Amino acid sequence: MQRSRTSRPVRPRSVRGARSSRPPGGMGNHRTRTVVGRLMLVVALVAAGVKLVEVQIVNAAEFSAASSRQRSTPQELPGPRGSITDRNSALLAFSSQVRALYALPQRINQEWDKFAEEGKAKGTKDPVPNGEERKRLIAAKMKQVLGDQVDEKDLLDKLRREVKYVVLVPSVEPGKAREITKAFPEIGAESREERQYPGGTLAADVIGYANWRMEDKPGRLAGLEGLESYRNQLLTGKNGKRIVDTVANNEDAVIPGSEREQIPPTPGSDLELTVDADLQYRVQQLLSDYVRRAGARNGTAVVMDVKTAEVYALADDKPYDLKNFTSATKEQMNPFAVTSPFEPGSVNKIVTAAAGIEYGLVTPTTVLNVPGSLNYPGYVVSDAWDHGLEKMTFTGVLAKSSNVGTLLTAKEIGEDRYADMLAKFGLGKKTGIGLPGESAGTVPPRSQWSQSTFGNLPIGQGLNMTVLQMAGMYQAIANDGVRIPPRIVRAEIGPDKQRREEKRPDGVRVVSAETAKTVRDMMRAVVQQVPGKPDLRGTGPAAALEGYQISGKTGTAQQVENGRYSNTKHWITFAGMVPADNPRFVVGLMLDAPTESGPDGKSAAPLFHEIASYLVQRYRIPVSPEPSPIQNLIVR
């Protein structure tokens, strides 16, 4: 019997052909993501296309108008202006931060009229103000915050102007500006500087003033007079940068709140002056009062350090208020001591005295036979008092201010040596003090001198000088014969706070130290007097200061009127040093055409006394070890 072939059990076909509904490896998920991604891409492309159509066709005009209304603008930011101080760091000029509040009137109308229409269309409970109503609210708020600083009607008139940009208030305290811009963001606040002058009239024509200049790009404080102008580049800081949105066609019209990407500016350097603010104040007071008492047109004073020629005070009698410089006259802004030369009169006799001693032609006790007058072509020179032939010591010629005795000595010196001495004293050249408008004065060229010229120059007529130059002559004699050009800026303090001293000018040897001391000692006789002995009285005893030796020289020079020397109008001068035995300061004074007949109208010696009294107290100058010896002036 044949055995049958056996095999494995066979599943039904229906079972064998069945497959799992979960594909292996997640292939179904991949297909789903692909389909969904493609659908999303299509939707995005369609949306972008719709937007593009909307931008380029539907809303093209609106976007074009918006873009034309503003643009990003790079702007420079001015660096803070440096300050000016006196020699003791007292502030004479500095800058404070303020804000200029501005608005874009047309933009306010456009935006708030639109907001009002939209609010009306939506039926909002509280109506939105339109442009005009918004401007009324702005003006009222600014009046509330700023008070008497503004006029509400004026503000509203500015806001109603059909302009893109308007400055509402040029100078507002930062805190008050923040209060206004916080309440009304459409009001912009531009950072500005405002120059402050705490001393008011103090050294006004030396310091000058600075003002905000919108025409400069960027707007900044710029010096317009005095040292503010002369040293403007040094005081001015370096610009920073920022990006702002501005109204098209007007880069000054910054859209409020759009400032960004700032690069800070660098401050300017500070100036430290040689001036002592306290002394300057006192000299101004004394000078103004004395000019009033003398009935003079004006007056000028200079106080200078003997050893350094640093100017401690430089004053005119009618200073202007730097806090209100717009009301000042050109005359008030003019530092007469530097810019306005005059004929010095007898103070110029120091040149003859120095030359006569230096060249060994005379000594203090040399006796000269001095007649009452000398004849020159076209005129006669005489002394201020009538006298016949007088035997005068050379000290007496200086102390009594004898024109005739001075001219006799000048003839012995000779024209060439005299001209050389004038040059050594610095006459006819600018001192280089560092103030704008300085005058060199005038000295006739040697080639143009005549006999009559040499009859004028030694007695201080026919040439002119500034008060600063006059003080410089006496500084040379006080400083053992070395003249140092004066200066008024002591140091520069940079943004890095490093102090850099101004370079001291080189000195000029005018005469020897022995000559200088001899002339100083001779000039002590100018202020001497002995009761009951007029022959021993100099021309300026009112300048004497108890406890101190004083050397100085009086001067009176006729002014030219209608082409001739006037018999009624004079320049009255005095130059002196304190103390004479160990000089610390030189003082130069000039009064222009005093009219009073009393002592104040005839001499500036009393004013020297008042200033010298303050000097010795303020600087605690020791008294002289002994009084000045009485010197013989006239030999009987």
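If you're wondering where the values come from, they're calculated on a predicted model, not measured in any experiment.
- Nearest heavy atom pair, residue Gly601 against residue Ala294, reads CA-CB, 4.0 Å.
- Salt bridge Asp480/Arg520: present, at least one basic N to carboxylate O contact under 4.0 Å.
- Between the side chains of Asn582 and Tyr548, no donor-acceptor pair of N or O atoms lies under 3.5 Å.
- For the pair Arg618 and Asp276, the salt-bridge criterion is met [side-chain N within less than 4.0 Å of a carboxylate O].
- Within the 4.5 Å cutoff, side-chain heavy atoms of Thr409 are placed close to those of Leu368.
- Side-chain polar atoms of Ser401 and Lys349 form a donor-acceptor pair below 3.5 angstrom.
- Side chains of Asn369 and Lys391: a donor on one and an acceptor on the other come within 3.5 Å.
- The closest side-chain donor-acceptor pair between Ser96 and Gln196 falls under 3.5 angstrom.
- A salt bridge links Arg446 with Glu415: at least one charged nitrogen is closer than 4.0 Å to a carboxylate oxygen.
- Between the side chains of Glu358 and Thr515, at least one donor-acceptor pair of N or O atoms lies under 3.5 Å.
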Review point. What do the steps show when you test Arg81 against Glu228 for salt bridge (Lys or Arg N to Asp or Glu O under 4.0 Å), and what is the final call?
Key: CA-CA 10 Å; Arg81 189 173 182 83; Glu228 291 273 32; 3.0 Å; yes
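- Residues Ala476 and Val510 share a closest heavy-atom pair of CB-CG2, 4.1 Å.
- Counting heavy atoms from C-beta on, the side chains of Ile477 and Pro583 never come closer than 4.5 Å.
- Residues Thr539 and Thr554 bring a donor and an acceptor atom of their side chains to less than 3.5 Å of each other.
- Defined by atom type and a distance below 3.5 Å, a donor-acceptor pair is missing between the side-chain atoms of Arg87 and Thr274.
- Across all their heavy atoms, Ala516 and Gly481 have their closest contact at CB-N, 3.4 Å.
- A salt bridge is defined here as a Lys NZ or Arg NE, NH1 or NH2 lying under 4.0 Å from an Asp or Glu carboxylate O, and Glu225 with Lys330 meets this definition.
- One side chain, Gln559 or Asp592, offers a donor N or O that lies under 3.5 Å from an acceptor on the other.
- A donor-acceptor pair is defined here as one N or O able to donate and one able to accept, closer than 3.5 Å; no such pair exists between the side chain of Ser229 and the backbone of Gly226.
- In terms of modelled atom types and a separation under 3.5 Å, the side chain of Gln617 and the main chain of Ser613 share a donor-acceptor contact.
- With hydrogens and angles disregarded, a donor-acceptor distance shorter than 3.5 Å links the side chain of Asp86 to the backbone of Ala277.
- Side-chain contact check for Asn403 and Thr406: no donor-acceptor pair (N or O, by modelled atom type) lies under 3.5 Å.
- Under a 3.5 Å cut-off, the side chain of His609 and the backbone N or O of Ala544 do form a donor-acceptor pair.
- Heavy atoms of other residues, nucleotides or ligands lying less than 6.0 angstrom from CG of Asn88 number more than 12.
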Point to revise | From CA spacing to verdict: side chain to side chain contact (heavy atoms under 4.5 Å, CB included), Leu536, Ile634 | key: CA-CA 8 Å; Leu536 295 177; Ile634 296 177; over 6 Å; no
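- Using modelled atom types, one finds a donor on one side chain and an acceptor on the other under 3.5 Å when comparing Glu438 with Thr431.
- Using a cut-off of 4.0 Å between Lys/Arg side-chain N and Asp/Glu carboxylate O, Asp535 and Arg636 are scored as salt-bridged.
- With Gln475 contributing its side chain and Met304 its backbone, the two residues share no donor-acceptor pair below 3.5 Å.
- For Gln285 and Tyr290, the side-chain atoms include no donor-acceptor pair closer than 3.5 Å.
- The side-chain heavy atoms of Val587 and Leu615, taken from C-beta on, include a pair separated by under 4.5 Å.
- No side-chain donor-acceptor contact under 3.5 Å links Gln558 and Ser566.
- Of the options Glu272, Glu310, Glu502, a salt bridge (charged side-chain N to carboxylate O under 4.0 Å, His left out) to Arg487 is made by Glu310 and by none of the others.
- Put simply, the side chain of Tyr379 gets close to the backbone of Ser452: a donor and an acceptor are under 3.5 Å apart.
- Within 6.0 Å of CD on Glu561 lie more than 12 heavy atoms contributed by other residues, nucleotides or ligands.
- When the salt bridge (charged side-chain N to carboxylate O under 4.0 Å, His left out) test is applied to Lys424, the partners found at least two apart in sequence or on another chain are Asp420.
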Review point. Between Val578 and Val616, is a side chain to side chain contact (heavy atoms under 4.5 Å, CB included) present by the stated rule, with each step listed?
Key: CA-CA 8 Å; Val578 56; Val616 298; 3.8 Å; yes
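- Using modelled atom types, one finds a donor on one side chain and an acceptor on the other under 3.5 Å when comparing Thr453 with Ser450.
- Within 6.0 Å of the OH atom in Tyr281, the count of heavy atoms belonging to other residues, nucleotides or ligands does not exceed 12.
- With Gln332 contributing its side chain and Thr329 its backbone, the two residues share a donor-acceptor pair below 3.5 Å.
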**Study point:** Derivation and outcome, side chain to side chain contact (heavy atoms under 4.5 Å, CB included), residues Asn348 and Ile459
**Key:** CA-CA 6 Å; Asn348 198 52; Ile459 60 175; over 6 Å; no
Practice item. Given side-chain hydrogen bond (donor to acceptor under 3.5 Å, both in side chains), test Ser551 with Arg524 step by step and report yes or no. Key: CA-CA 4 Å; Ser551 289; Arg524 293 180 301 188; 5.2 Å; no
**Study point:** side chain to side chain contact (heavy atoms under 4.5 Å, CB included) evaluation trace for Phe608 with Leu589
**Key:** CA-CA 8 Å; Phe608 175 89; Leu589 305 169; 3.9 Å; yes
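- Classification of Lys517 and Asp521 as a salt-bridged pair holds, one side-chain N sitting under 4.0 Å from a carboxylate O.
- A perpendicular orientation is assigned to the rings of Tyr312 and Tyr619, their planes being inclined by more than 60° (bins at 30° and 60°).
- Inspection of the Asn632 and Thr393 side chains reveals no N or O donor paired with an N or O acceptor under 3.5 Å.
- A donor and an acceptor atom, one from each side chain of Asp321 and Thr201, are nowhere located under 3.5 Å apart.
- Contact check for Glu194 versus Trp212: no side-chain heavy atoms found under the 4.5 Å cut-off.
- In this structure, the side chains of Arg504 and Ile484 stay at 4.5 Å or more apart for every pair of heavy atoms.
- Scanning all heavy atoms of the two residues, the minimum distance from Trp385 to Lys400 falls at CZ3-O, 3.4 Å.
- For the residue pair Ser288 and Asp317, no side-chain donor N or O sits within less than 3.5 Å of a side-chain acceptor on the partner.
- Asp205 places no side-chain N or O within 3.5 Å of a backbone atom of Met333 that could act as its donor or acceptor partner.
- Nearest approach of Val283 to Ala301, heavy atoms of both residues: CG1-CB, 3.8 Å.
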Exercise for review: For salt bridge (Lys or Arg N to Asp or Glu O under 4.0 Å), just list the numbers for Glu596 and Lys602, CA-CA rounded to whole Å, side-chain angles, deciding distance to a tenth of an Å, and then say yes or no.
Suggested key: CA-CA 8 Å; Glu596 292 299 317; Lys602 293 182 178 179; over 6 Å; no
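- Heavy-atom minimum distance, Ala355 versus Ile413: CB-CD1, 3.6 Å.
- With hydrogens and angles disregarded, no donor-acceptor distance shorter than 3.5 Å links the side chain of Ser439 to the backbone of Pro341.
- Note: Trp449 and Phe454 have parallel aromatic rings, judged against thresholds of 30 and 60 degrees for the angle between ring planes.
- No donor-acceptor pair closer than 3.5 Å links the side chain of Glu390 to the backbone N or O of Gly372.
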